[in-house]
Amino acid sequence: GMTPRRICVVTGTRAEYGLLRWLMRDISDDPDLALQVVVTGSHLSPEFGLSYREIEADGFRIDEKVEMLLSADTTSAVAKAVGLAVIGFADTFVRLAPDIVVVVGDRYEILAVAETTLLLGIPLAHIAGGDVTEGAFDDSIRHAVTKMAHLHLATNDDSARHLRQLGEEPWRIHVIGNPALDLLNREALPDRDALLEKSGFIPRHRNLLVTYHPETRGTHATTEDFAELLAALDTLGPGYGILFTRPNADPEGRALDRMIDDFLADHANAAAVTWLGSSFYFAAIEMADVVVGNSSSGLLEAPSLKTPTVNIGSRQKGRLRAQSVLDCPAERGAVLDAIKTALSMDCRRVENPYGDGHASQLILRVLKEAPPQQVLLNKRFVEQ
């Protein structure tokens with residue numbers, strides 16, 4: 001038969017690998033496709049736990065590790081890292097000769113991949129293009145990658161519309177849903193007992209899962225907003241169990257961490273866990289009566305697990321929302337009202353605008369049915 005189409009998946013972070021894992025498995029299981037795996041970015045950094053080992057532990061062979069200078073995080077170090085990555089990817093792609101390269105998102109190493117494939121004449125498939133976040137330079141990178149990509153795997157209808165607005169030809173655009181939801185379909189989540197044992201959480205009559213991240217672009221201190229949330233939680237009383245997931249280890253995160261510790265000291269109904277891993281975290285969302293905070297999981301995964309969300313502040317501004325998501329400002333009265341409303345909601349019939357957890361199979365079909373290289377590479381700008 002035909003030689004299998006070589007599909008090269010590039011991953012730079014642990015979170016992104018979580019989105020690509022099922023797709024990688026599906027590609028490697030498919031006789032018409034041959035999987036190539038290239039790791040870069042923080043996967044190779046001791047500071048981030050050398051997470052490329054998790055990829056190998058899942059049974060994947062890594063074809064190439066592309067090192068980039070990441071010891072400093074000054075703006076010039078980041079700019080140089082992009083240059084080093086381009087050099088590394090140029091050698092890698094010449095050696096591997098992939099038919100299609102697959103990337104996700106908007107980080108600067110993905111920009112380096114896109115530049116390199118463009119100059120080498122290799123088709124690029126981009127997951128999650130067309131999203132609009134309020135992030136620093138994320139939007140610019142994501143839209144730039146769109147203009148260098150040949151297949152667009154959008155997570156929702158709004159993003160697909162933005163891709164058309166960017167002049168992309170409709171036949172290149174496919175709405176596949178959010179790959180994060182595939183895990184919910186394809187793995188049994190840990191059961192309640194396993195979750196409680198791992199987290200040390202003692203459930204009460206009603207239970208809240210609280211995940212709050214520092215706001216990088218807020219108008220005032222994250223600690224003030226978090227204090228308002230804690231004041232609202234304090235009002236709930238001992239009949240409510242509160243499980244916190246601790247924030248990341250940046251300076252702002254450490255300040256929130258201390259506030260959580262102070263809250264735990266005064267509240268026997270509260271517990272806190274560091275990152276549980278996706279499966280246990282989703283099990284916690286499923287167990288909870290409401291998810292509270294500013295994490296994207298409240299918008300992306302919680303609706304599929306039929307748990308209502310109280311989304312605080314502007315961190316998720318501009319994202320599509322299911323009907324189970326309630327927005328409120330970081331003000332104790334508003335937060336408490338939203339929590340009470342959420343606790344009375346029935347979310348069993350909520351539709352998730354980010355799809356139904358079959359993203360990997362939909363992407364696989366696009367990769368298999370994509371036209372030949374010359375057709376893919378010949379891009380036209382479509383006038384609105």
Side-chain angles (χ1 to χ4, degrees), residues 15 105-106 128 131-139 142 155-156 158-159 178 180 207-236 240 242-263 270 272-273 275 281 284-285 288-303 305 307-343 345 347 350 352-354:
D106 49 39
D131 288 3
V132 175
T133 55
E134 307 274 315
F137 41 59
D138 299 1
D139 272 4
R142 197 179 321 104
T155 66
N156 63 79
D158 279 12
S159 294
N178 193 309
N207 300 291
L208 289 74
L209 177 66
V210 180
T211 304
Y212 195 85
H213 299 288
E215 283 224 15
T216 45
R217 300 189 34 171
T219 42
H220 56 279
T222 295
T223 49
E224 294 173 30
D225 290 351
F226 194 54
E228 291 293 314
L229 167 55
L230 293 177
L233 296 174
D234 175 60
T235 316
L236 286 173
Y240 294 82
I242 301 167
L243 178 59
F244 292 93
T245 54
R246 293 188 182 276
N248 300 329
D250 47 39
E252 288 254 286
R254 283 193 281 278
L256 300 185
D257 231 7
R258 287 193 294 275
M259 294 170 73
I260 290 173
D261 288 333
D262 293 344
F263 189 88
V273 288
W275 175 238
Y281 184 62
I285 293 178
D289 294 292
V290 57
V291 172
V292 182
N294 62 4
S295 162
S296 60
S297 56
L299 279 67
L300 298 181
E301 286 98 3
L305 293 161
T307 303
T309 299
V310 171
N311 177 59
I312 300 170
S314 61
R315 192 165 179 266
Q316 302 303 331
K317 196 174 158 206
R319 282 190 184 222
L320 215 55
R321 281 151 170 64
Q323 283 170 326
S324 55
V325 178
L326 302 173
D327 290 294
C328 71
E331 190 277 304
R332 63 189 71 183
V335 172
L336 190 63
D337 287 345
I339 289 172
K340 296 206 156 144
T341 304
L343 286 168
M345 284 166 64
C347 295
V350 166
N352 192 334
Y354 295 97

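Heavy-atom basis, side chains included; hydrogens, waters and symmetry copies ignored. Residue numbers start at 1 and run along the sequence shown.
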Student: Restricting to side chain to side chain contact (heavy atoms under 4.5 Å, CB included), what partner residues turn up for Asn156, sequence neighbours left out?
Tutor: Asp131, Asp158, Ser159, Leu320, Tyr354
Student: Who pairs with Tyr240 by side chain to side chain donor-acceptor pair (under 3.5 Å), at least two apart in sequence or on another chain?
Tutor: none
Student: I'd like to know if the side chain of Asp139 reaches the main chain of Val132, judged simply by a donor and an acceptor atom lying under 3.5 Å from each other, with no hydrogens or angles considered.
Tutor: no
Student: Of all residues at least two apart in sequence or in a different chain, which pass the ring-ring contact (aromatic ring centres under 6.0 Å, His included) check with Phe263?
Tutor: Phe244, His267
Student: Tell me, please, which residues at least two apart from Asn352 pass side chain to side chain donor-acceptor pair (under 3.5 Å).
Tutor: Ser304
Student: Identify, with sequence neighbours excluded, every residue that meets side chain to side chain contact (heavy atoms under 4.5 Å, CB included) alongside Ala322.
Tutor: Pro303, Ser324, Val350, Pro353
Student: Would you say the side-chain atoms of Asn207 pair up with the backbone N or O of Asp289, donor to acceptor, closer than 3.5 Å?
Tutor: no
Student: State which residues pass side chain to side chain donor-acceptor pair (under 3.5 Å) with Ser295; sequence neighbours excluded, sorted by chain then number.
Tutor: Ser297
Student: Determine which pairs satisfy side chain to side chain donor-acceptor pair (under 3.5 Å) with at least one residue from residues 331-341, sequence neighbours left out, and list them in order.
Tutor: Glu228-Arg332
Student: With sequence neighbours left out, what residues match Phe226 under ring-ring contact (aromatic ring centres under 6.0 Å, His included)?
Tutor: Tyr212
Student: Kindly write out the residues that satisfy salt bridge (charged side-chain N to carboxylate O under 4.0 Å, His left out) with Asp261, not counting sequence neighbours, or none if the list is empty.
Tutor: Arg246
Student: Once side chain to side chain contact (heavy atoms under 4.5 Å, CB included) is applied, do any residues pair with Ser296, and if so which ones, sequence neighbours excluded?
Tutor: Leu300, Gln316, Arg319
Student: Could you pull out all residues at least two apart from Asp327 that satisfy salt bridge (charged side-chain N to carboxylate O under 4.0 Å, His left out)?
Tutor: Arg321
Student: Mind listing the closest non-hydrogen atom pair of Leu256 and Pro247 along with its distance?
Tutor: CB-CG, 3.9 Å
Student: Taking only residues two or more places apart in sequence or in another chain, which ones pass side chain to side chain contact (heavy atoms under 4.5 Å, CB included) with Leu305?
Tutor: Leu184, Leu189, Phe282, Ile285, Glu286, Thr307
Student: For the OG1 atom of Thr309 and the CE atom of Met345, what is their distance to the nearest 0.5 Å?
Tutor: 8.5 Å
